[in-house]
Number of protein chains: 2
Amino acid sequence: MSAKMIYGDWTISQEGFDVRYLGKTESIMCLGNGYVGSRAAEEESYVGQSRDTFVSGTFNYFDENEVTELPNVPDVWGMDFQINGQPFSLLTGKIEAYKKTLDLKRGLLTREVSWSKDDVSLKMTFKRFISKKRRHFMASQVHIENLGSPVSISIKTGINGQVSNEGSQHFTEGEKGLVDGKILQMCPQTTHRKLDVVISVCHELKNVQATTRPEIGRRSFSMNFDFKLAENEQVSLEKRASIYTSIDNDSDNHSIQNMRNVAVSELQDLESQSFEELLAESTQAWAEIWQKHPIKIKSEDPRDQLAIRFAKYHLHSMVPAHDERMNIGAKGLSGQGYKGHTFWDTEIFMLPYFTFTHPEIAEKLLTYRYLGLAGAHKKAADNGYEGAQYPWEAAWPTDGEVTPVWGAADIVTGKAMKILSGFIEQHITSDVAFGVKQYLDVTGNQDFANEKAYEILIDTAKFWASRLEYDAPNDRYVITNVMGPDEYKEEIDNNAYTNYTAHWNISYVIDLIGHLKAEKPEVYARLDKEFNLEALKANLKAKVDKIFLPQPTSAGIIPQDDTYLTKPELDLTKYKSADGVDGLFHDYNLHQVNGFQVTKQADVLLLMLLFEGLFEKELKLKNFDYYEPKTTHDSSLSLSTHAILSADLGKLDQSYDFFKQAINIDMGEYMKSSDPGIHTASLGGIWQMVVFGYGGVRMIEGELRIEPNLPRAWSHLSYGFDYQGQAISVEIGEGKMVLTKAEGPALQFIHQDQIMNLEDTLTITL
Amino acid sequence: MSAKMIYGDWTISQEGFDVRYLGKTESIMCLGNGYVGSRAAEEESYVGQSRDTFVSGTFNYFDENEVTELPNVPDVWGMDFQINGQPFSLLTGKIEAYKKTLDLKRGLLTREVSWSKDDVSLKMTFKRFISKKRRHFMASQVHIENLGSPVSISIKTGINGQVSNEGSQHFTEGEKGLVDGKILQMCPQTTHRKLDVVISVCHELKNVQATTRPEIGRRSFSMNFDFKLAENEQVSLEKRASIYTSIDNDSDNHSIQNMRNVAVSELQDLESQSFEELLAESTQAWAEIWQKHPIKIKSEDPRDQLAIRFAKYHLHSMVPAHDERMNIGAKGLSGQGYKGHTFWDTEIFMLPYFTFTHPEIAEKLLTYRYLGLAGAHKKAADNGYEGAQYPWEAAWPTDGEVTPVWGAADIVTGKAMKILSGFIEQHITSDVAFGVKQYLDVTGNQDFANEKAYEILIDTAKFWASRLEYDAPNDRYVITNVMGPDEYKEEIDNNAYTNYTAHWNISYVIDLIGHLKAEKPEVYARLDKEFNLEALKANLKAKVDKIFLPQPTSAGIIPQDDTYLTKPELDLTKYKSADGVDGLFHDYNLHQVNGFQVTKQADVLLLMLLFEGLFEKELKLKNFDYYEPKTTHDSSLSLSTHAILSADLGKLDQSYDFFKQAINIDMGEYMKSSDPGIHTASLGGIWQMVVFGYGGVRMIEGELRIEPNLPRAWSHLSYGFDYQGQAISVEIGEGKMVLTKAEGPALQFIHQDQIMNLEDTLTITL
């Protein structure tokens, strides 16, 4: 039986079981509520399975040679079944039917298995969810129907603390306890940060008489249920679980005993509510998300509509909307990849979704960066710079830089390669500033501006001023030895993206200081104490116009860096058509790839997308046609950028191709791309392609622009967003665009170079 | 296909694969050379498998709440096979044949698998050994023969550091490196003791062209071999591996770089030698063991002969004969059970084998106890006593007590139970003294006596003198709140075994001090400085005759402790007939069992066996008949004691029943008894049953006695041992016993109360 993906309106399913592809649905069907997230691993165990559950913000490091990461907390989903004394595994017997489904609308994972072996024939239905309503709570249910001969079944399930992060164990074993004869508790502690975790589970077996026996092992605490099932008899096992930690911000009492008591009370209080009722209240919490700025796409391919639901489901299942000390990891809470660390993926790829549709969450994500200023100061100081240099990878906000120094093996030398990103991928600092500025432009949130945003913007500009290197022979400032968004090019000079965005950050802050002095004297005074604003402004002004901004060649190409255009080209056809993205590195090592005009992901083109006002359309076209064929898109951050830019450039068919490729990164039929976790930036990219790319929304130099460009396959698109505190709905189709908003002051936006005034409804013919 | 055990002359095999029983052969077919030991886990992975490799003495603790244990070092045996892109697992496809065999003579593990799936049909033969000649070296070989259609095969194998001790990780990831393009190295370090380990592997694929690619992952470093196998084509993959650690006593330079260099040199030096040659030299090293005092049994059941080979193989695969800082764990190097700790199992059950047949190894095992005096002093002082109180569980000799404080769950309360053994199972101290004394009696090793043994004996007697409690109303010394060998009875008073052996230890030392003063004035003078021998002797003498030694009741029963005989009895028939030994604890908790006249293992009866001179035969008979029916034998230490004692008492048929049960503890057909590791004390017990029980050898009060008692099924038994530095061979059969020894002074022994004189050959009619 081979596995294939099936797509519904609100569901994504895998039909057929294939042990090679466990990682696919574990990642893309992961459950979460931003507080806790869990891979959708099968209940029964398989070699190659990754049983991961993460709680946002609980970073710990194994030892001083490893970087901090989100620890894999003891598992509550696993269940061992013995059927007539034989372990149940889909590798044995016959799978009559297998369907695993994630219901995005309800956040419900279902697995329906019909399985037979000898005279045993069972229909098993597994359901589970992590409550979107109660952050600590999750539940699962197994329903078994006996379609064959009478059968003896044993189920062993409880809390399994033998899980680890690929062998690194972050937890002590912790105390265990049985409360009320049925609530199993385990209280591990992280080894370094000494963070306490209380995990509680309880079970209820329905419809049959069973022998029940608790069993304590090393790092494990389980209940055993032994029962017989007559022909046509049915049984249900319901399991409920909760996780509390000593950094929870919904409690002041973090003693283990108090957490244990709270967990017990919660489970006892919910005892009278059925699985369906608890699921219903969680579904209601999800409904509030779905009801806010829903996106409707009428496309020849219904999968386009599903993609945006898939993206929003995952963005909300992983975003720690409850706690500003946490951010979104590059794999969310869906896998060990990137260790739960936050990258520029947040500000450039995911934040726009929240800024435009859930600004209260965007504010928390940016407050995380505000709390991270201490770590950014430390990084700058460690490197001999001033101001705030944001870490390439961030964990707990005050940790500063947490990028690992060593990565995978070099295929030629067999030695581990040094990861330079933490040292030289410096554009993250302007990316954070860009995200802050976009948030201010979209929301107009003055409190956040005054209290946090200006400080971030000034501090990052201060960093860039100190980072610039004076090139005396040319009387200019350069930025050497960096890595741009294209991570194939290590240790290059004057990466266009880096230089332009640094220039923007500095220019913007020169204006900002003037604005604050004039308009917000109290804010100015406070910040002046920290930054000595006039001196800083003078310094910024002295440098800004001398920053080297790579200019177009005679052929109209902005050089990605000082040497890129001098390198030989390489035909990428072979690699671009492959399913996986790492084929190039089976043939060349990074040093060799560094020597070609080969680009991992949008670099100059991303610059042109984010700062479109700086470049003429014709120049953008030339650069698009030059760089795209040299780009492997060996980063999930690349395709959405290309999709939006090509839509802007009128290449709608090509754009829609990029769109299709981009939505398939996780959701598609290729089964091996998501093993280490879902691609969260790509999910943000899906929303951007729809709303920015085809919906035509853009925030450019402080002004909102709306210029839709539907691909040919789409007849209709509607979406919404918040702008300056007001909700705007946009419907595109039948040759026109209809904009609506509720009562409130009129809002301006640009359309085809014209300023439009939106009072309540406005129809624009396209 | 179900699994069954098959027994050969020198081999034990499992035919048929059953995933429920992986632990059985992993344990009983484990490989080892005393330096390193490894479970015989299948090369391919299965859920439930335990891939354990241990290096003697490398103890580490995970955190302050866990006790020190032998860490599971990165695995070198595992291999992932992809057959036409599908992972190879015996759970899928059809197993045409499966036979896994341990060849005891050569220390060779072989697995022959014929497997088909669709049009694939392969015959795979796996071989591996740990060299008995080169302590650091091991090798494996996979031979694949294609009996079906052409097939693509990928093999991934290398070093896997993701293994752990049930979730507790003892190692840092460590540096990795590829040397010479083919030697993979990984250098993990234990987290607390900071012990460096260098693991090296190299591979050679024979007969086919393959694509080879190294792959580094987290805690893993592998080679990938991708190749095609035509119909009837064959391929071999040979793998060699080594382990070095920074506590190795065969090197002075423990820098990682030096260990890496030595490992590389060794692998390079051996490159010209074939697998067969390297196996042959290891087989030769095993032959030296087999040639020393071979035991021949002519029995109706050839499995009796196999049992003694099985026992000797395992005793030598686990005993760290190379390093006196190490001892034998209760599961040897065959599993995580008992954490690699050393118990009284060594002195009372295994040491006699080494004392009588490999006294140079016995000396090392006892030197470990000498090195452990510091830890024993610490334990005594911590408990408010004087002298040397040996730890119930011992790891690194100077660590002192390492018994965990908390054990498994109480079935009634669900709470973890306190393990009292480390606090109150105090007879270990006299057991060590007993082992030392027996060694001195058998070997007459005066150097060891003078330098180490006397000190142990005096120090333990000093402990007992301080441990005794004065019972003023009765003017006697008692020992309250202890646990005897019967661990069902916690916190009891005046355990007969404890009181009698303490009395013996003290009595013996009173005599010893007199003897040293008279005969060995230099030794006396040295020890006097430490112990103030006259004062100590006076103290011992003042107490010895007042030590309460439980006397027989009117029915002739020596009370196991003060209250045992007052408790109700319990019918054990149901539990005694079951395969597993823990059935009793499914019905009662330890507290409840404590309330019955139920005994886990020989207690009073062991006392009567070890100190037979103290008790009349009739008394022993009465006690045997009283206690045996009350004994669950829920310890592998029980059956051999009962077998020998019942042989002594003329109950030969019953004895032979015990013998059969005892040899089957690990080797037998019950598949679940050995999962956590082999029962090492039971292996020592097998030798004791044969040589002590049926061969009739006994060292009693300093005198050798030989009085054979063959069971009816045995027509002939020959064995040998070293006595006073001379080798004695004994042949029993056809109504006579023939003793032989080489040149040397005549030796005396007792036979049927007569002193016999053995000059070269002596024939005694039985």
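We name chains A, B, ... by the order of the sequence lines, and we start the count at 1 in each one.
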In terms of heavy-atom pairs under 4.5 Å, which option from B:Glu175, B:Arg219, B:Gln336 contacts chain A the most?
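When all of B:Glu175, B:Arg219, B:Gln336 are compared, B:Arg219 has the most.
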Closest non-hydrogen atom pair, B:Gly85 against A:Arg20:
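Heavy atoms only, the tightest pair is O-CD, 3.0 Å.
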Looking at A:Lys117, I'd like to know if its NZ atom is crowded, meaning that more than 12 non-hydrogen atoms belonging to other residues, nucleotides or ligands lie closer than 6.0 Å.
yes
Around B:Tyr338, counting heavy atoms of other residues, nucleotides and ligands shown, do more than 12 lie under 6.0 Å from its OH?
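Not more than 12 within 6.0 Å, no.
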Heavy-atom proximity to chain A below 4.5 Å, by part of B:Val19
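Only the side chain of B:Val19 comes within 4.5 Å of chain A.
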Who pairs with B:Phe225 by ring pair (Phe, Tyr, Trp, His ring centres under 6.0 Å), at least two apart in sequence or on another chain?
B:His203
Could you tell me which residues in residues 60-77 of chain B have at least one non-hydrogen atom under 4.5 Å from a non-hydrogen atom of chain A, sorted by residue number?
B:Phe62, B:Asp63, B:Glu64, B:Glu66, B:Glu69
Quick one: list whatever passes side-chain hydrogen bond (donor to acceptor under 3.5 Å, both in side chains) with B:Asn84, sequence neighbours left out.
none
Quick one: which residues of residues 158-173 of chain A reach chain B at under 4.5 angstrom, heavy atoms only?
A:Gln162, A:Asn165, A:Glu166, A:Gly167, A:Ser168, A:Gln169, A:Phe171, A:Thr172, A:Glu173
